[in-house]
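This report refers to the structure that appears directly beneath it.
Every number for a ligand or one of its atoms is a count from 1 in the order of the listing. Please read these numbers as outputs of a predicted model, since none were measured by experiment.
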Amino acid sequence: MDLTIRPRRLRTCDSLRRMVRETRVSPDSLIYPLFVVEGENRKEPIQSLDGQYRYSPDRVGEAVAECMEAGVSRILLFGIPNHKDACGSSAWDPNGVVQQGIRAIKAACPECYIITDVCMCEYTDHGHCGILNGHEVDNDKTLEVLAKTALSHVQAGADMVAPSDMMDGRVSAIREILDSNGFETTPIMAYSAKYASAFYGPFREAAGSAPSFGDRRGYQMDPHNRKEAVKECALDVQEGADILMVKPALSYLDIIRECSDAFDLPMAAYSVSGEYAMIKAAGKAGLIDEYRVMCESALSVYRAGADMLITYYAKELAQAMKKGDLG
Ligand code: PBG
């Protein structure tokens, strides 16, 4: 055969294949979601997320030490409070569960970079992501409590805040309160294109944050939409976001690609609880090779244009990257 161009030439050995890889990743881009629960001496397995735990503030340092050991030094912190009420008041309590968790982590491991999830759904007794007016979330009233919450996280020592509520105007509300309190250098990672997804199922069990009535379609995005994601990202850019995010990841690779092409800001993707749970379950059932599917799925998110990946597999992926199975 007279074939001048043979793509297979570049696939002839591992050394060459690794040399010509188009997608390069590093553990520096990984962010590990971590749940902190009130109380003492608690490390509880999360039923819906095999291999994940909730820690009380006095033990959360153990989880962080494991992350650091694996090569992951960035975490996304979620709080599970004891007290819930209609307006989610324990979200901004200076002695609330996240605020305690932040201080404990910083005391145990000052090098750990802490990003906090800012949302009301774990703190409200109705489980919605804001303050209700009848059965609807009141956008503008919610902005005040989100801003107060973000400020209290930063005052407790958080390095970055990540609003996940999908209210209109939350990035500017948070930017304003941080700036007027001397935190103008604290960045905001905006959950910009967050879809109303069934993939959050296991998380809601983990955080006890399922809405008690209705659903989140009045604020999270309709999975049918693409242009709307670009609009949401553009607004967050205008409002002063420092990092954009698309969530979930695997079913939204097209959105990651489009938004990372359209904007100059770093792009994060959140590979959510349902994505993790599916790979775990299929691996456990012997249907797939969990390790290889984990690597391939993460890689697809980076190839789609994500600069950072938030994932429950962060520790395992960091190890895979170090070995060169992904990298
Ligand atoms: C809070 C929040 C959720 C997730 C991250 N922040 C749940 C939701 O919107 O219902 C989901 C994360 C995951 O599924 O891993 N609003």
In ligand 1, which numbered atoms sit nearer than 4.0 Å to a non-hydrogen atom of [X]?
X      : value
Tyr200 : 8 (C), 9 (O), 10 (O), 11 (C), 14 (O)
Cys121 : 1 (C), 16 (N)
Tyr270 : 12 (C), 15 (O)
Phe78  : 5 (C), 6 (N)

> Ion pair present between Glu62 and Arg59, side-chain N to carboxylate O less than 4.0 angstrom?
Replying inline: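 Answer for the salt bridge query: yes.
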Is it the case that [X] and [Y] place a side-chain donor and acceptor less than 3.5 Å from each other?
X      : Y      : result
Tyr312 : Glu275 : no
Asp117 : Tyr191 : yes
Tyr123 : His83  : no
Tyr313 : Glu290 : yes

Note the single closest protein heavy atom to [atom], along with its residue, its atom name and the distance in Å.
atom                    : value
atom 10 (O) of ligand 1 : Arg204 NE, 2.6 Å
atom 15 (O) of ligand 1 : Tyr312 OH, 2.5 Å
atom 14 (O) of ligand 1 : Ser273 OG, 2.7 Å

Practice prompt. Report yes or no: does Ser209 have a heavy atom closer than 4.0 Å to ligand 1?
Written response: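 Contact absent.
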Please confirm whether Lys247 comes under 4.0 Å of ligand 1, counting heavy atoms of the residue only.
->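 Under 4.0 Å: yes for Lys247.
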Region of Asp165 that comes within reach of ligand 1 [heavy atoms, distance under 4.0 Å]: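 For Asp165, no heavy atom sits under 4.0 Å from ligand 1.
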Margin query: Test of understanding: given a 4.0 Å heavy-atom threshold, classify the contact between Tyr276 and ligand 1 as side chain, backbone, both, or neither.
Written below: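 For Tyr276, there is no contact with ligand 1 at all, from either part.
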State whether the number of non-hydrogen atoms from other residues, nucleotides or ligands found under 6.0 Å of Arg292 atom CZ is greater than 12.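 No.
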When the ring planes of Tyr270 and Phe78 are compared, do they come out parallel, tilted or perpendicular, using 30° and 60° as the limits?
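The rings of Tyr270 and Phe78 sit tilted, inter-plane angle from 30° to 60°.
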message: Classify the ring geometry of Phe203 against Phe35: parallel below 30°, tilted from 30° to 60°, perpendicular beyond 60°.
response: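 Phe203 vs Phe35 ring planes: tilted.
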Nearest to atom 16 (N) of ligand 1 by heavy atom, Arg216, Lys194, Glu205: which?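 That would be Lys194.
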key: Residue selection (non-hydrogen contact nearest atom 1 (C) of ligand 1) among Pro33, Ser164, Ser48, Ala206   =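 Ranked by closest heavy atom to atom 1 (C) of ligand 1, first place is Ser164.
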**Request:** Would you verify whether the NZ or CZ of Lys194 falls within 45 degrees of the ring axis of Tyr200 while also being under 6.0 Å from that six-membered ring's centre?
**Result:**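 Flagged: Lys194 positioned over aromatic ring of Tyr200.
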Nitrogen or oxygen of Glu122 less than 3.5 angstrom from that of ligand 1
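Among all N and O atoms of Glu122, none is under 3.5 Å from an N or O of ligand 1.
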